[in-house]
Visitor: 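So that we are looking at the same thing, I have put the structure below in C-alpha cells.
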Amino acid sequence: MKLGAFMQRAIEEYYAGADPFGKQGDFITAPEISQMFGEMIGIWITDLWMQMGKPEINIIEFGPGRGTLMSDILRVISKSINVRTYLIENSQNLIETQKAALSAYDINWVNGLNDIENKNPSIIIGNEFLDALPIEQLMRTDKGWQMRMVEEGGYKWGDAEEELKTFLPPKTESNVVYEVSPERINLIKNCQTFLNRSNGAGLFIDYGYTKSHHGDTLQAVKNHEYVDVFKNAGQADITSHVDFDALARIIDLPKQINNQGLFLKNLGIEHRAGVLSQKKDVSADLNRLISAKEMGDLFKVLCFYKGENIKLAGF
Ligand code: SAH
C-alpha cells in the first residue's frame, strides 16, 4: 500500500474514535491552549472584512476539531459581521462535538468547497489541518526514484510513480528522504480556484518549514508521546511537517507567510493577554503560543488572497 493510502486510513480511523484533544488526550492545539488564539484570528478577519468594504462573508473552516477555534472567532466577529459559516469535517464524532460547541450559531456542515456558494467574499481557514493530510516519501537511489510502501507493521521501498516526482523541489540530492503531498497541493489549488471566483483569503496555520528540504518528518503521537508510526495505525495521531515552500510554488495569488509568534504579536495578543490577566494568569499560555522555543517559530501562517488594495494584518 502507498504510504499516503496508509496514512489516510489511519487518520480517518483515529479521528473517528475517541476525542484526541487536550491534556487528557493525545495532543493539544493552539485554540485548545487559549481563547486568545481564536480571538486574534477573529480580529484578523475583522480587519480584512473592513478592507473589503464590510460585505456579507463566508467563513469556511477545514478540520475544525472540537469547534473551539470557530467558537472563539464567532464570539469576536458575529456582532459586527454578517457571516455564513461552513465547516468541513471528516469525523462524525467530531461533527457532534462541533454541534454542541457551536449551538449558539447557525452553522453549515458541508463535504467540500463544491457545496458552498461563492458569491460572497470568503475566508477559508485551517489550523493543524494540512499536517493531517497524507504524504508520500521519495528517495533517489541507484535504482532511481523510490517511494515508501507500507506492509504489515513496517515498510519497504518500491519504484516511484512518475507523477509524484513532479511535486519534488527543483534541486534534489540522492539517498535522502523527500516528502511530497499531492493532497495538500490539491487542497490549496481548490481554495485558490474558489477564491478567484469569490474574492477573499485563505489562512492556513501549521507546523512546518518555509524552504523545501529533505528529511523524514512523519510522526505518530499518543498521550503526548512519540510512538511508532506503523505499529499504532488508527490509535495515534499521524502527521508530518508541512512544506510551505511547495505550497507557495503553486499559489499564483498574492501570498504572505509569517511565524505564528510574530503573526499573533502583530495582531496584539500581548495586549489581550494583559487584559485577561486581570482575571487569571495567562502568561504560560501566551508563552506557549508565541515563544520561539514553543510554538512561535515552528508554526507558520500562510495567507493568500484575491481582492483589490488589501494589506494583510499580522504579516
Ligand atoms: N483545527 C482543530 C483540529 C486539528 S486536528 C484544532 O486546531 O484544534 C485535524 C482535524 O482535521 C480534525 O478535526 C480531523 O478530523 C480533521 N480532518 C483530518 N483529515 C480530514 C479531511 N481529509 N477532511 C476533513 N477533515 C479532516
Side-chain angles (χ1 to χ4, degrees), residues 4-42 59-74 85-102 107-116 123-135 181-188 190-191 202-208 219-222 224 233-242 260 263-264 285 288-289 295 298-302:
F6 163 81
M7 288 177 73
Q8 179 88 45
R9 255 199 226 178
I11 291 164
E12 265 173 35
E13 185 184 334
Y14 176 69
Y15 282 108
D19 184 343
F21 301 98
K23 293 200 176 67
Q24 313 305 321
D26 293 324
F27 59 91
I28 188 159
T29 58
E32 302 295 336
I33 290 172
S34 167
Q35 68 186 75
M36 294 186 282
F37 181 80
E39 289 171 349
M40 291 306 116
I41 308 282
I59 296 190
I60 304 163
E61 184 180 6
F62 279 99
R66 279 180 173 166
T68 309
L69 173 58
M70 190 53 80
S71 158
D72 292 334
I73 289 174
L74 291 176
T85 310
Y86 297 90
L87 300 184
I88 301 171
E89 171 60 63
N90 255 355
S91 155
Q92 197 54 47
N93 237 344
L94 286 173
I95 289 179
E96 296 310 319
T97 309
Q98 291 155 18
K99 281 191 174 147
L102 295 162
I107 309 279
N108 305 284
W109 279 265
V110 293
N111 289 324
L113 292 177
N114 289 341
D115 297 341
I116 302 171
I123 296 175
I124 308 172
I125 58 179
N127 184 63
E128 290 210 38
F129 170 71
L130 296 173
D131 67 54
L133 295 182
I135 59 164
S181 179
E183 303 270 344
R184 285 179 195 148
I185 298 281
N186 271 338
L187 181 106
I188 297 295
N190 289 342
C191 290
L203 187 78
F204 287 89
I205 304 159
D206 229 303
Y207 46 108
Q219 63 180 48
V221 170
K222 190 166 176 55
H224 302 267
Q235 307 308 311
D237 183 39
I238 300 184
T239 61
S240 66
H241 286 210
V242 175
Q260 173 173 304
F263 177 77
L264 294 174
D285 297 342
R288 192 131 180 225
L289 291 174
M295 300 174 83
L298 175 61
F299 279 71
K300 311 292 189 302
V301 185
L302 168 70

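Heads up: numbering here begins at 1 and tracks the sequence. Atoms within each ligand, like the ligands themselves, are counted from 1 in listed order.
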Visitor: Would you tabulate the side-chain donor-acceptor contacts of residues 108-115 under 3.5 Å, counting partners in other chains and residues two or more places apart, or write 'none'?
Guide:
unit_1: Asn108; atom_1: ND2; unit_2: Thr85; atom_2: O; d: 3.1
unit_1: Trp109; atom_1: NE1; unit_2: Gln98; atom_2: OE1; d: 2.9
unit_1: Asp115; atom_1: OD2; unit_2: Asn111; atom_2: N; d: 3.1

Visitor: Going from CG on Asp206 to OG1 on Thr29, what distance comes out if it is rounded to the nearest 0.5 angstrom?
Guide: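 Asp206 CG to Thr29 OG1: 10.5 Å, rounded to 0.5 Å.
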
Visitor: Determine whether a donor-acceptor pair (N or O, by modelled atom type, separation under 3.5 Å) exists between the side chain of Ser34 and the backbone of Asp285.
Guide: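 Absent.
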
Visitor: Would you kindly specify which portion of Phe62 sits under 4.0 Å from ligand 1, judged on non-hydrogen atoms: side chain, backbone, both or neither?
Guide: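 Answer for Phe62: neither.
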
Visitor: Taking N or O atoms only and a 3.5 Å limit, does Gln8 qualify as a polar contact for ligand 1?
Guide: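 Between Gln8 and ligand 1 (N or O atoms, distance only) the closest approach is not under 3.5 Å.
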
Visitor: Heavy atom under 4.0 Å from ligand 1: found in Asn90's side chain, backbone, both, or neither?
Guide: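 Both parts.
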
Visitor: Can you tell which of Gly65, Pro134, Gly63 gets a heavy atom nearest to atom 1 (N) of ligand 1?
Guide: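 Nearest option to atom 1 (N) of ligand 1, by heavy atoms: Gly63.
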
Visitor: Which residue holds the protein heavy atom closest to atom 7 (O) of ligand 1, what is that atom called, and what is the gap in Å?
Guide: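 In this structure, atom 7 (O) of ligand 1 has Asn127 ND2, 2.8 Å as its nearest protein heavy atom.
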
Visitor: Using a strict 4.0 Å cut-off to heavy atoms of Pro64, name the atoms of ligand 1 that fall inside it.
Guide: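 Every atom of ligand 1 under 4.0 Å from some heavy atom of Pro64: 2 (C).
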
Visitor: What residue and heavy atom of the protein are closest to atom 5 (S) of ligand 1, and at what distance?
Guide: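 For atom 5 (S) of ligand 1, the nearest protein heavy atom comes out as Tyr15 OH, 3.2 Å.
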
Visitor: Out of Met7, Glu89, Met70, whose heavy atom is nearest to atom 15 (O) of ligand 1?
Guide: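 Among Met7, Glu89, Met70, the closest heavy atom to atom 15 (O) of ligand 1 belongs to Glu89.
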
Visitor: Would you say the side-chain atoms of Gln260 pair up with the backbone N or O of Leu289, donor to acceptor, closer than 3.5 Å?
Guide: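 Yes; judged by distance alone, with no hydrogens or angles, the pair exists.
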
Visitor: With rounding to the nearest 0.5 Å, note down the distance linking NE2 in His241 to CZ in Phe299.
Guide: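 Those atoms lie 8.0 Å apart.
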
Visitor: Could you list which atoms of ligand 1 come closer than 4.0 Å to a heavy atom of Leu94?
Guide: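 Near Leu94, meaning under 4.0 Å from one of its heavy atoms, ligand 1 has 12 (C), 13 (O), 15 (O).
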
Visitor: Please report which non-hydrogen protein atom sits nearest to atom 18 (C) of ligand 1, along with the residue it belongs to and the distance in Å to one decimal place.
Guide: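 Here the nearest protein heavy atom works out to Ala132 CB, 4.2 Å.
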
Visitor: Got the closest protein heavy atom to atom 26 (C) of ligand 1, with its distance?
Guide: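 Of every protein heavy atom, Phe129 CE1, 3.5 Å lies nearest to atom 26 (C) of ligand 1.
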
Visitor: Check ligand 1 against Pro31 and write out every atom of the ligand that is under 4.0 Å from a heavy-atom position of the residue.
Guide: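 Result: 6 (C), 7 (O), 8 (O).
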
Visitor: Kindly identify the option in Ile11, Thr29, Thr97 whose heavy atom sits closest to atom 6 (C) of ligand 1.
Guide: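 Ranked by closest heavy atom to atom 6 (C) of ligand 1, first place is Thr29.
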
Visitor: Number the atoms of ligand 1 from 1 as they appear, then name those within less than 4.0 Å of a heavy atom of Glu128, with their elements.
Guide: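 Result: 4 (C), 5 (S), 9 (C).
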
